[in-house]
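Below is one structure; the comments refer to it alone.
Numbered from 1 within each chain, the chains take letters A, B, ... in sequence-line order.
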2 protein chains.
Amino acid sequence: MAASWTRGHGGRTGRPRRELGSTYPGILTLVRNVRRPARLPASRGAEHDPVVTLEMVAREAGVSPSTVSRLLNGTASVRESKARAIEAAIAKLKFLPNSAAQSLARGRSMSVGVVTQSVSSPFYGEALAAIESRLLRSDYSPLFVSGHWRPADERRCLDHLLSRRVSGVILLTSCLPDAELVALAERVPLILTGRRVAAKRIYSLDHDNTESALLATEFLIGQGHRRIAFVRGPQDHPDAEQRFAGYRAALAAHRIAFSADLVADGNYIDEGGYTATLRMIDSGVRFTALFAANDQSAYGAMLALYRRGLGVPADVSVVGFDDLPASQYTIPPLTTVHRSIDRIGEAAAEAMIDLLEGRIPTQRSSSVTLAIRESTRRLTAAG
Amino acid sequence: MAASWTRGHGGRTGRPRRELGSTYPGILTLVRNVRRPARLPASRGAEHDPVVTLEMVAREAGVSPSTVSRLLNGTASVRESKARAIEAAIAKLKFLPNSAAQSLARGRSMSVGVVTQSVSSPFYGEALAAIESRLLRSDYSPLFVSGHWRPADERRCLDHLLSRRVSGVILLTSCLPDAELVALAERVPLILTGRRVAAKRIYSLDHDNTESALLATEFLIGQGHRRIAFVRGPQDHPDAEQRFAGYRAALAAHRIAFSADLVADGNYIDEGGYTATLRMIDSGVRFTALFAANDQSAYGAMLALYRRGLGVPADVSVVGFDDLPASQYTIPPLTTVHRSIDRIGEAAAEAMIDLLEGRIPTQRSSSVTLAIRESTRRLTAAG
DNA sequence: CTAATTTCTGCAAGCGCTTTCAAAAAAGGG
DNA sequence: CCCTTTTTTGAAAGCGCTTGCAGAAATTAG
């Protein structure tokens, strides 16, 4: 992990090296390297199979390295007999080109950095899978890192990627301030998802969170619900706030008074939805429907309802947001805002490829729909 | 993505390059490169900020590149005044070392490859997160790729990693034959999880699937269940087969006749568990408990039971395997075999670091327990 | 069969960084 | 203040691969 040189105060290395580690965080890693063994003789430690280089292949095949390189890259035609010999050598030695050397010589790495917020989240997982699969069909390969919703972590990740000289960066719902993203876009082609930053070099892929939340809330209203609870996402996520705004907008549009009692703070994960819902129920607030800012919160909410003996959708209709794959298998299957995460991922990858190949990414707008399943019902009697 | 030179038939490139793509799969990528623009002038395309090199920093600071390198790596002491100047230059130019050049010069990449089977699976996601977080505290950084349970994909991933000269490889439940893994271990330090391969250089981290499944089944038996259904995992996964074996062993130990009617094929995902269970119910087989080969299958099974009006645990007790985070929030919360995935991931990373730093990995055995929640109940009347 | 082309192929110069070696500078000793 | 020891520093040689250039080989033309 490269030290974060671009930021961090101007600490410097004094003589007594030991002190550095503690005083200057960025240099800590390096201190340890003092003990690094001398350069290895082009092998991965004596105990492992020697590493094969292009030169060895060339020697084995009786040609020059240039010829091998050209065959590998198809940058010139190679006489049939030599090609055969070279390929035999490659197979025999199990040669695989050293991609670090390739990047260096070519001046480009053919890899794109992907910053996710959490590798283990089902939501991002879907997106990553889609990006990976799209990139697989191109000449680029992904480099995944995760920022854990922490600006500091995200910066570290970005430094890491820039250090690896990625050809481009895809940021999934970054939590960095706009200004930083604009600056970043000056250094490397940038694609953003789940967030809209208006700047010349930045390409944002997003659907309208407010609009989608409004859609979901209106659906509940249309089903006759009036007392609709809302489980919020984290306060510092723009998209969470937008969803909340959509909820309020729908109420307003239908002249339903907004009540703060019907809103509880969640955190986008199951546990938050569970606690928030339990708190609302136990505080005596009544509601016939509940809209959660994301599916995971909805799962938690459903468990809370179950715990308090409230049936879904018999007593309370529940709507989520995201349509994670698992939402088809909850009990009952969850009605939720469907925004195909994989489409978003694919579109992001596609846009990046466009960018890298000199095309202007065509803005594919990802459509949002409501997946109506069994967690909601029309309210017949009075709410 | 590097072509798979080590395998694939001995295709060669003839004169008319266009043909190659179709005829020789491995070379397809390369053909496209013919159109690659000439070497870029050390910049990432004219439109972006120029890339800064160590030499530029040296010039800016009025010292030689060696000095800058030494300061960065802490490999020698640098006069205070120069250190200050260098750091100022680094900050001013926003220099980040080119890691490809570093790898090349150092002869090692300081990265470890991690092959998962599916980035989007909640199970692997947990493991990846744990590996990433452990590696973060070391000098190594992870490189994630996914094999999709397909040997061909897994081989491609491995070639990719070897091409990047990773210092080591962690394979999460590989689906490659033992022989190939043994060969791989000759090329690079190797850690395996979810699978046991007895070979000198291979370090396997695993818990006993058979034993764990036996544990879960015996729990159900202990609760008075006799007719216990089983939803299998994919037939070609060793661990799935072991879990099945554990189920049978438990029955045998308690002299309960095994009945093929009580076993249905799943595929480790929700949908498979759903279909399998539905099929069993609809075929008229009766059972008071159901054990699924993994949690996702259990989710599907519970939905099937729900659809057929069977209550969990009122009519059927359900037990899963994995204890995914989501299992605490299913309705009802799922009783399941808990094997801390994150511990496994962490242990794998830890073992890899040990290996890379010349230590012999201490075999941390990951304990398996049963997380007893609300999806199971003691059978009071006759089963 | 020689000359003019057109195809191949090797040489050598990098890519950006690390590291060895030896010289330069600073510090210590008498 | 001169000489030895120790600390700093720079020059230069790679790491493994790509590629411009020019010479060699094969092909075609005359």
>> Taking the axis from the first five pairs and the axis from the last five, what angle separates them in the helix from C/dC1-D/dG30 to C/dG30-D/dC1, rounded to 10 degrees?
In response: 40°
> For B/Met352 and B/Pro189, which heavy atoms make the closest approach, and how far apart are they?
Replying inline: CE-O, 3.7 Å
For the pair made of [atom1] in [X] and [atom2] in [N], what is the distance, rounded to whole Å?
| X | N | atom1 | atom2 | result |
| --- | --- | --- | --- | --- |
| B/Leu71 | D/dT7 | CG | C1' | 16 Å |
| A/Glu55 | D/dC15 | CD | C1' | 11 Å |
| A/Arg79 | C/dT7 | CZ | P | 12 Å |
| A/Leu104 | D/dG14 | CG | P | 17 Å |
| A/Leu54 | C/dG10 | CG | C1' | 13 Å |
| B/Asn98 | C/dG14 | CG | C1' | 14 Å |
| B/Glu80 | D/dT8 | CD | P | 11 Å |
| A/Gln102 | C/dC15 | CD | P | 18 Å |

Would you say a side-chain N or O of [X] is under 4.0 Å from OP1 or OP2 of [N]?
| X | N | answer |
| --- | --- | --- |
| B/Asn73 | C/dT18 | yes |
| B/Lys82 | D/dT8 | no |
| A/Arg106 | D/dT18 | yes |

> Where along residues 62-70 of chain B does a heavy atom come under 4.0 Å from DNA chain C, residue by residue in number order?
Replying inline: B/Ser66, B/Ser69, B/Arg70
[X] versus [Y]: any side-chain heavy-atom pair under 4.5 Å?
| X | Y | answer |
| --- | --- | --- |
| B/Ser146 | A/Glu132 | yes |
| B/Leu71 | B/Glu87 | yes |
| A/Glu180 | A/Arg155 | yes |

> So, the side chain of A/Ser163 versus the backbone of B/Pro97: is there a donor-acceptor pair under 3.5 Å, distance only?
Replying inline: yes
>> Treating B/Arg134 as the side-chain partner and B/Ile131 as the backbone partner, does any N or O pair qualify as donor plus acceptor under 3.5 Å?
In response: no
>> Run the salt bridge (Lys or Arg N to Asp or Glu O under 4.0 Å) test against A/Glu154 and tell me which residues pass, sequence neighbours left out.
In response: none
> Where do B/Gln102 and B/Met110 land on the side chain to side chain contact (heavy atoms under 4.5 Å, CB included) test, with the steps shown first?
Replying inline: CA-CA 10 Å; B/Gln102 292 188 144; B/Met110 301 311 283; over 6 Å; no
>> Are there over 12 heavy-atom neighbours, none belonging to B/Glu186, within less than 6.0 Å of that residue's CD?
In response: yes
